[in-house]
Structures are given as C-alpha cells and as structure tokens.
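In this text the structure is predicted, and so the values were computed from the model without any measurement.
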Amino acid sequence: MNFIDVFSKRMAEELKSKGHKPFKIRPNLKTPHYDVYVFRNTDELKQDMTKITQVI
C-alpha cells in the first residue's frame, strides 16, 4: 500500500476537513517539534491536494 507524507499542518487540516483521515502521525526527524501526517495514497486524496494547492 502506498502512502503520502504531508509535512504541512495546514494541508493536513484541509485534507481532514474534506474527510481524509491520517493513517498515522509521526514526528518529523529533521525538525522534531513538527509532525508528519501520513495519508493513504488514493485518487481522491491526490485530487483534493491539487485543489488545495492551486493558486488562483
């Protein structure tokens, strides 16, 4: 199974508000006071990530 690591808390919160649940949350090894949000790699997740990151 494939996963996507999300390093941005804002992106993770947006994805959660769209119904995606993180598979797990782990500490960021390079910056320990931040977390990495791990989501299952699905087509819906990729579509929502694209919509969130589009610049209008």
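- Arg10 has its side chain within reach of Ile52: a pair of non-hydrogen atoms, C-beta onward, lies under 4.5 Å apart.
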Salt bridge (charged side-chain N to carboxylate O under 4.0 Å, His left out) evaluation trace for Lys16 with Glu13: CA-CA 5 Å; Lys16 288 194 286 186; Glu13 292 298 325; 3.2 Å; yes
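- Separation of atoms CZ (Phe7) and NZ (Lys30) is listed at 8.0 Å; rounding is to 0.5 Å.
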side-chain contact (heavy atoms from CB on, under 4.5 Å) evaluation trace for Asn28 with His33: CA-CA 7 Å; Asn28 186 333; His33 56 279; over 6 Å; no
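- Annotation: ring pair (Phe, Tyr, Trp, His ring centres under 6.0 Å) contacts of Tyr34 (sequence neighbours excluded): none.
- Taking the centre of each ring, Phe23 and Phe3 come in below the 6.0 Å mark.
- Across all their heavy atoms, Val6 and Met11 have their closest contact at CG1-CG, 3.5 Å.
- Between Met49 atom CE and Glu14 atom CD the span is 11.5 Å, to the nearest 0.5 Å.
- Between Leu15 atom CG and Lys18 atom NZ the span is 8.5 Å, to the nearest 0.5 Å.
- Nearest heavy atoms, Leu45 versus Asn41: CD2-CA, 4.3 Å.
- A search for side chain to side chain contact (heavy atoms under 4.5 Å, CB included) contacts involving Thr50 returns Gln54, not counting sequence neighbours.
- Taken to the nearest 0.5 Å, the CZ atom of Arg26 stands 12.0 Å off from the OH atom of Tyr37.
- For the atom pair Asp35 CG and Ser8 OG, the distance stands at 12.0 Å (nearest 0.5 Å).
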